[in-house]
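Reading through the structure tokens given below for one structure.
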Amino acid sequence: MTARYETRGPVAVITLDNPPVNGLGYATRVGVAQGLERAEADPAIQAVVITGAGKAFSGGADIKEFGSPKATAAPNLLDLIRACELCSKPVVAAVHSVAMGGGLELALGCHYRVTAPGANIALPEVKIGLIPGAGGTQRLPRVLGVETALNIIVSGDPVKSELLAGLPGQKLFDKVIEGDLLDGAVAFALEKADVRPLPLVRDLKVRHENPDGYFQFARNMVKGMAKNFPAPAKCVDAVEASISKKFDEGMVFEREIFTALMFTPECKALRHAFFAERAASKIPDVPEDTTVRAVNKVAVIGAGTMGGGISMNFLNAGIPVVILEMKQDALDRGIATIRKNYEAQVKKGKLKADKYEQRMALLSTTLSYADIGDADLVIEAVFEDLGVKKAVFEQLDAVMKPGAILASNTSTLDLNKIAAFTKRPQDVVGMHFFSPANVMKLLEVVRGAATAKDVLATVMQLGKKIRKTCVVSGVCDGFIGNRMIEQYSRQAGFLLEEGCTPQQVDKAVEKFGFAMGPFRMGDLAGNDIGWYIRKRRYLEKPNLRYSKTADLLCELGRYGQKTGAGWYDYKPGDRTAYPSKVVAGMIEKYRASIGVKPRKLDDREIVDRLVYALVNEGAKILEEGIALRASDIDIVYLMGYGFPVYRGGPMCYADEVGLYAVVQRMQELARNPYGDPGFWKPAPLLARLAAEGGSFAAFDAGNAKKSKAA
Ligand code: NAI
């Protein structure tokens with residue numbers, strides 16, 4: 001049973017019990033509805049309390065049922081809320097820990113609400129491209145006023161219950177209960193047992209002094225922030241209806257909006273991202289109950305760009321870190337950068353000064369390997385050079401205690417080779433953070449041929465603890481993200497050779513929705529990083545054609561923002577990218593030297609070439625089993641490379657376009673003899689799915705079924 005019924009004297013207690021967050025799935029809804037009927041029919045019962053077992057009152061809809069007929073089967077959430085309202089005995093919601101989405105909407109259908117302090121109250125539907133669909137937009141303004149309610153609905157972010165309970169005039173909570181919540185709720189229910197009429201949120205009036213002015217203002221604000229997402233503006237419309245329409249009309253209006261949003265590509269993409277993020281944490285052959293290794297102390301090798309950021313993740317999570325460097329001045333520089341980052345957070349009010357000191361107190365430094373042997377996990381972030389990595393891993397093998405996990409942050413090198421530098425390849429794993437490592441949410445967990453399952457399970461769990469989204473990648477040059485970006489960068493280079501300017505390419509890609517075009521991204525990350533990688537990579541693949549423009553740029557010392565010049569010009573203290581005459585001249589000269597007559601390219605060609613370069617390489621990565629799922633690839637691109645969220649990632653976008661159409665377009669692009677003639681040959685998996693009328697999503701679903709059966 002996912003909802004329990006018991007009695008406390010004359011009070012019936014219905015407890016949602018559907019771990020982990022008491023999602024309002026079909027069985028739970030039936031359980032609550034039956035509980036209400038039973039309480040109604042029992043003359044000894046005078047009042048009802050609804051609460052949640054474990055870690056939540058209710059987190060809302062049961063995501064396991066999303067898209068299945070069960071999600072809407074009767075009694076649906078609206079039926080259940082109506083049943084609460086119609087109960088002839090007072091129904092009290094006893095809220096604690098989490099009351100979100102449908103969970104909060106259910107509480108709003110009860111006659112009374114009491115809360116424990118510290119509960120997270122939210123209507124987060126906007127985060128998956130929707131508005132609340134079970135009366136949230138009509139009832140919340142009635143208890144909190146339109147302004148607070150709209151704020152909660154448009155942001156989707158949680159607010160603590162005691163904060164809301166303290167607002168003047170609020171009717172969301174009738175009482176904050178400090179002691180045992182259930183005891184308090186039962187006592188409260190008994191107090192109200194004889195009070196009639198029973199109060200209903202739907203009967204409350206919504207008022208505002210200047211609704212027209214306010215909603216106009218809200219609309220302008222939201223339009224500016226929401227950019228390509230339709231849901232936030234619709235939140236404003238729905239909340240406005242709570243004041244401009246009668247309750248039942250407002251409910252119909254809310255439902256219409258909800259249903260229409262459900263089918264927009266943006267909502268589909270956001271839901272895809274939501275499920276993709278959850279799916280990514282699962283590794284088919286590593287059971288979820290795998291015993292993990294304890295990680296109570298971390299060592300980081302290298303205090304450069306990455307080492308510092310990586311360390312901050314662990315300090316933030318309260319895990320002690322020791323950083324090892326070759327020289328004291330490198331250590332000093334690294335620590336100064338960490339301090340600077342924290343101090344900026346303190347200045348912005350994002351971090352309390354005492355927390356900053358606590359974090360710094362967890363950090364120690366050393367120049368000697370003898371000091372790090374007792375760490376449970378060591379992450380190497382030294383120069384991207386196999387020789388340097390070899391020296392480091394041989395040392396680690398010599399000093400680290402047995403069972404310690406040895407991780408490398410390499411972005412492109414062969415992890416199996418790195419593992420082979422040690423006598424314990426089973427303990428070696430890749431932890432590929434993204435820059436800036438203390439900010440970016442993505443962590444590629446690279447599984448070597450010998451990596452032990454408990455090492456993987458430990459790193460995946462630890463990733464969660466430091467608030468990263470982990471995606472597993474097999475071993476190949478560049479793993480998932482950087483292997484794909486190589487093809488994207490090659491196309492970007494060909495576009496320059498053929499006639500584009502860097503700003504034209506960036507503009508087209510940014511219009512498509514990327515956070516940054518390839519050239520602005522290069523300037524931010526440092527063009528020298530790619531240059532260095534190309535030197536190794538293209539030495540290994542001498543016949544691979546790529547544009548030399550990026551190398552020429554680096555030969556001019558134009559590494560990007562850090563040198564004050566890259567694909568663009570920069571002014572001191574200003575990150576604005578100004579088109580560069582020097583770069584334009586350099587490209588022109590290069591075109592002439594290879595005998596290319598520039599032509600005009602339109603935005604569509606630019607975007608198709610860059611995005612389909614990602615899709616085609618993604619399909620190869622999927623087919624080779626480097627990525628476990630197409631949706632994992634999407635997560636890598638959404639979280640690590642600024643792919644537009646409302647397009648769901650490159651693979652989801654290709655599905656939306658239709659794989660047949662994608663392949664057709666690639667065949668068209670292949671008619672342009674420029675660049676690499678083999679480039680647009682569709683990956684075998686892509687060609688097969690396109691021919692079968694398949695999709696990457698269906699491919700993932702088929703694999704999930706197979707691995708469940710196995
Ligand atoms: P960096 O050059 O900023 O820092 C490297 C640090 O390692 C330097 O402080 C250097 O003194 C130290 N170091 C070098 N050899 C050492 C040794 N034998 N023992 C101890 N310390 C040593 O480099 P960055 O950018 O931090 O890169 C480090 C690693 O992270 C590379 O493998 C790189 O491919 C990878 N990476 C870099 C990203 C980026 O955007 N910068 C993103 C993801 C991964």
Side-chain angles (χ1 to χ4, degrees), residues 299-313 321-338 341 365-372 375 378-400 406-415 417-418 421 428-446 468 471 473 477-483 485-486 489 516 521-537 559-563 566 636 639-642:
V300 174
I301 315 295
T305 311
M306 295 307 288
I310 291 169
S311 302
M312 286 176 75
N313 288 306
V321 176
V322 49
I323 306 188
L324 181 144
E325 258 289 351
M326 285 184 302
K327 291 205 179 100
Q328 188 61 42
D329 62 334
L331 264 184
D332 294 344
R333 252 180 288 129
I335 302 302
T337 307
I338 294 178
N341 284 337
T365 58
T366 182
L367 298 171
S368 160
Y369 277 87
D371 294 335
I372 64 163
V378 51
I379 304 173
E380 163 278 310
V382 302
F383 302 136
E384 184 75 342
D385 178 288
L386 204 59
V388 182
K389 306 271 188 208
K390 178 169 190 274
V392 170
F393 273 83
E394 281 172 355
Q395 296 252 35
L396 293 177
D397 197 22
V399 301
M400 298 310 294
L406 316 186
S408 172
N409 180 49
T410 178
S411 22
T412 54
L413 297 172
D414 184 338
L415 189 83
K417 279 189 189 154
I418 293 177
F421 298 145
V428 177
V429 67
M431 286 178 81
H432 181 215
F433 289 84
F434 288 70
S435 183
N438 54 317
V439 176
M440 297 291 283
K441 275 206 72 181
L442 180 65
L443 176 61
E444 271 184 335
V445 173
V446 184
K468 300 290 174 194
V471 173
S473 170
D477 188 346
F479 314 118
I480 298 173
N482 284 339
R483 172 166 158 188
I485 212 74
E486 184 194 352
S489 303
M516 239 181 265
M521 185 162 103
D523 276 1
L524 181 72
N527 296 307
D528 52 320
I529 297 184
W531 191 28
Y532 188 77
I533 293 172
R534 280 194 301 278
K535 284 183 195 165
R536 170 188 63 74
R537 196 174 260 164
Y559 292 172
Q561 289 188 15
K562 61 183 171 190
T563 55
V636 168
M639 298 202 165
Y641 294 84

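What's counted below: heavy atoms across the whole structure, side chains too, no hydrogens, waters or symmetry copies. None of these values were measured; they are calculated from a predicted model. Atoms within each ligand, like the ligands themselves, are counted from 1 in listed order.
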Under 4.0 Å between a Lys/Arg side-chain N and an Asp/Glu carboxylate O for D414 and K389? no

Is there a side-chain contact between F383 and V392, using heavy atoms and a 4.5 Å cut-off? no

Residues that K535 engages under side chain to side chain donor-acceptor pair (under 3.5 Å), provided they are two or more places apart: none

Looking at R537 and E486, does any basic side-chain N land under 4.0 Å from a carboxylate oxygen? yes

Output block, N or O contacts of ligand 1, threshold 3.5 Å exclusive:
residue, atom, partner, partner atom, Å
ligand 1, 3 (O), T305, N, 2.9
ligand 1, 3 (O), T305, OG1, 3.0
ligand 1, 9 (O), E325, OE2, 2.5
ligand 1, 11 (O), E325, OE1, 2.8
ligand 1, 11 (O), E325, OE2, 3.2
ligand 1, 26 (O), T305, N, 3.3
ligand 1, 26 (O), M306, N, 2.8
ligand 1, 30 (O), N409, ND2, 2.8
ligand 1, 32 (O), V382, O, 3.3
ligand 1, 32 (O), E384, OE1, 2.5
ligand 1, 32 (O), K389, NZ, 2.7
ligand 1, 34 (O), E384, OE1, 2.9
ligand 1, 34 (O), S411, OG, 2.6

Do any pairs count as a side chain to side chain donor-acceptor pair (under 3.5 Å) and have a residue in residues 302-313, sequence neighbours left out, and if so which ones? N313-K468

With sequence neighbours left out, what residues match Y641 under ring pair (Phe, Tyr, Trp, His ring centres under 6.0 Å)? F434, Y637

